[in-house]
Amino acid sequence: MIAILKHGTTEAQTQHLVDWLKQQNLDVHISEGKEVTVLGLIGDTSAVDMDLLGSLEIVDAVRRVSEPFKKANRKFHPQDTIVDVGGVKIGGGSFAMIAGPCSVESEEQIIEVASAVKASGANLLRGGAFKPRTSPYAFQGMQGEGLKLLLKAKKATGMPIVTEIMNISTLDLFADVDLIQVGARNMQNFDLLKELGKTKKPILLKRGLANTLQELLMSAEYIMSEGNEQVILCERGVRTFETFTRNTLDLSAVPSLHQLSHLPVVVDPSHATGKSWLVPPMAYAAAASGADGIMVEVHNNPSCALCDGAQSLTPPQFDQVAQKVRKIREVLA
């Protein structure tokens, strides 16, 4: 349930109403916009008298919200959320270009790629230290040492870093990571999501391989319900009957998620397609669909990459993509 307050309601009046609602064993989420304040009522609202609440002098309207996700719901928070990642803003018209190798392989490699993508306009550096792989015999990442190399690249370039966490036990190692990524396989690792909700870190939450948009938003709700509302959603393709591409990129998810939620939405065309030649057109389509950012894998020598070389762009290829994405956004502005 939400209560929309009238324009001009004072802070004291709002607080008085909030206190009254909390006395009815409800949690209240306050969303203050330029023109309107929305109170989101969380809990058992079946006993709330809608007519009484709606008759109050400061209340403009009362509506029930049927969706199970509350804090992630745009009805609770009409304004776009803008997430600040180390000074880089994502959402609300601010676009992020996240780029870097699938896996950190050496100090030379990560710094070379970081410098190249920054020169092309990327503002966040991605790189895998802990790698979830389908095969237990595949390269699993440099793990703690990989995190140290990412931090060296951050120091060398000034770029905030994005990397994936695999389980709760390694959370302490992520103290200096600017944006913690939850991969598709962990989207419904609810214990991990709850722990991340207790941190102050921005979280990049990837859609699961076969999950609905509502399930993605419910996973975001796990994080937000613990107090961390700095969540960025990521569409990275879903598994379908099609086998030509690695996954099927669901670009309709971008405007759909924007309709349902106030959270920023970025697109990962690299994991979605699995083919480097498909990454540029899908990156352009993501920008045209209204995404708040793209996440692209870039390697200085894809043919020798230890992980996902087939879907990685070279730095010159990424430079062309970045230029065209900026032009597409200019046209849409």
Side-chain angles (χ1 to χ4, degrees), residues 1-84 89-94 193 197 202-203 205 207 212-233 235 252-266 289-292 332-333:
M1 181 182 290
I2 60 172
I4 303 171
L5 304 188
K6 293 178 180 177
H7 182 64
T9 299
T10 66
E11 185 176 338
Q13 289 175 312
T14 301
Q15 189 58 51
H16 181 73
L17 178 55
V18 168
D19 292 341
W20 178 70
L21 291 168
K22 287 183 175 180
Q23 289 174 6
Q24 301 183 55
N25 296 318
L26 297 171
D27 288 329
V28 181
H29 179 275
I30 305 174
S31 175
E32 295 183 355
K34 292 181 180 179
E35 300 295 331
V36 68
T37 297
V38 177
L39 303 184
L41 281 57
I42 302 171
D44 182 8
T45 60
S46 60
V48 176
D49 187 333
M50 291 183 63
D51 292 333
L52 174 61
L53 184 57
S55 69
L56 298 179
E57 183 181 356
I58 64 172
V59 176
D60 185 50
V62 180
R63 299 171 188 164
R64 289 202 178 274
V65 177
S66 58
E67 296 89 353
F69 52 94
K70 305 300 181 184
K71 289 181 178 291
N73 200 316
R74 185 171 287 280
K75 294 175 183 176
F76 272 49
H77 193 297
Q79 294 77 29
D80 290 341
T81 285
I82 300 173
V83 178
D84 189 310
K89 290 181 170 52
I90 305 175
S94 296
L193 299 181
I203 308 298
L205 180 63
R207 184 181 181 182
T212 66
L213 298 185
Q214 178 165 302
E215 288 168 340
L216 173 61
L217 289 169
M218 287 305 296
S219 290
E221 196 80 8
Y222 264 92
I223 299 170
M224 300 175 75
S225 67
E226 295 291 337
N228 185 357
E229 299 191 1
Q230 299 183 88
V231 180
I232 301 165
L233 306 173
E235 165 58 38
S252 69
V254 177
S256 298
L257 287 170
H258 280 150
Q259 177 75 15
L260 292 167
S261 178
H262 53 91
L263 298 175
V265 182
V266 303
S289 72
D292 299 295
L332 295 175

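Count residues from 1 along the sequence.
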Discussion item. Rounded at 0.5 Å granularity, tell me how far CG in Leu260 sits from CG in Leu216.
Written reply: 10.0 Å

Discussion item. Any non-hydrogen side-chain atom of Ile58 less than 4.5 Å from a side-chain atom of Lys6?
Written reply: no

Worksheet item: Are any of the side-chain heavy atoms of Leu17 and Leu39 separated by less than 4.5 Å?
Response: yes

Discussion item. When you compare the side chain of Val62 with that of Val48, does any pair of heavy atoms fall below 4.5 Å?
Written reply: no

Practice prompt. Tell me, with the steps shown, if Ile232 and Val266 meet side-chain contact (heavy atoms from CB on, under 4.5 Å).
Written response: CA-CA 7 Å; Ile232 301 165; Val266 303; 3.9 Å; yes

Worksheet entry | Lys75 (side chain) donor-acceptor with Met1 (main chain) under 3.5 angstrom | no

Discussion item. Apply side-chain contact (heavy atoms from CB on, under 4.5 Å) to residues Leu53 and Leu41 and explain how you reach the verdict.
Written reply: CA-CA 12 Å; Leu53 184 57; Leu41 281 57; 4.3 Å; yes

Worksheet item: Given side chains that start at C-beta, do those of Ile42 and Phe76 come closer than 4.5 Å, heavy atoms only?
Response: yes

Fill in: Nearest heavy-atom neighbours spanning Lys71 and Met224
O-CE, 3.3 Å

Discussion item. Go through it in stages, so that I can follow the logic: the residues are Asn228 and Ile203, the test is side-chain contact (heavy atoms from CB on, under 4.5 Å), and I'd like the CA-CA distance, side-chain angles, deciding distance and then a yes or no.
Written reply: CA-CA 9 Å; Asn228 185 357; Ile203 308 298; 3.8 Å; yes

Response to the item:
NE2 (His262) and CG (Asp80) are apart, to the nearest 0.5 Å, by 9.5 Å

Fill in: Heavy-atom closest contact (Ser256 atom, Leu213 atom, distance)
CB-CD1, 3.6 Å

Fill in: Nearest-0.5 Å distance, OG1 of residue Thr14 to CG of residue Leu5
5.0 Å

Discussion item. On a heavy-atom basis, which atom in Glu67 and which in Asn73 lie closest, and how many Å separate them?
Written reply: OE1-ND2, 3.3 Å

Worksheet item: Does any N or O in the side chain of Ser219 come within less than 3.5 Å of the main-chain N or O of Glu215, such that one atom is a donor and the other an acceptor?
Response: yes

Discussion item. Between Ser289 (side chain only) and Val254 (backbone N and O only), is there a donor and an acceptor less than 3.5 Å apart?
Written reply: no

Item to complete: Mind running side chain to side chain donor-acceptor pair (under 3.5 Å) on Thr10 and Gln13 for me, showing each step along the way?
Response: CA-CA 5 Å; Thr10 66; Gln13 289 175 312; 3.2 Å; yes

Discussion item. Counting only heavy atoms not in Arg64 (residues, nucleotides, ligands), do more than 12 fall under 6.0 Å from its CZ?
Written reply: yes

Item to complete: Taking all non-hydrogen atoms of both residues into account, name the closest pair between Glu235 and Ala253 and its distance.
Response: OE1-CB, 3.7 Å

For residues 23-31, run the donor-acceptor check on the side chains, cut-off 3.5 Å, and write out each pair with its distance to 0.1 Å, sequence neighbours left out.
residue: His29; atom: NE2; partner: Glu229; partner atom: OE1; Å: 3.4
residue: His29; atom: NE2; partner: Glu229; partner atom: OE2; Å: 3.3

Worksheet item: Given side chains that start at C-beta, do those of His258 and Asp292 come closer than 4.5 Å, heavy atoms only?
Response: yes

Worksheet item: Any side-chain heavy atom of Leu257 within less than 4.5 Å of one from Leu263?
Response: no

Practice prompt. Please report the closest heavy-atom contact between Val83 and Pro264, naming both atoms and the distance.
Written response: CG2-CG, 3.9 Å

Item to complete: Enter the distance from His77:NE2 to Ser261:OG here, rounded to the nearest 0.5 Å.
Response: 9.5 Å

Discussion item. For a 4.5 angstrom cut-off between non-hydrogen side-chain atoms, does Leu233 reach Leu217?
Written reply: yes

Worksheet item: With Gln15, which residues qualify under side-chain hydrogen bond (donor to acceptor under 3.5 Å, both in side chains), at least two apart?
Response: Asp19

Worksheet item: Could you give the distance from CG (Leu193) to CD1 (Ile223), rounded to the nearest 0.5 Å?
Response: 5.0 Å

Response to the item:
In terms of heavy-atom contacts, Ala220 and Leu205 come closest through N-CD2, 3.5 Å

Worksheet item: Got a second to check how far Glu221's CD is from Glu226's CD, nearest 0.5 Å?
Response: 11.0 Å

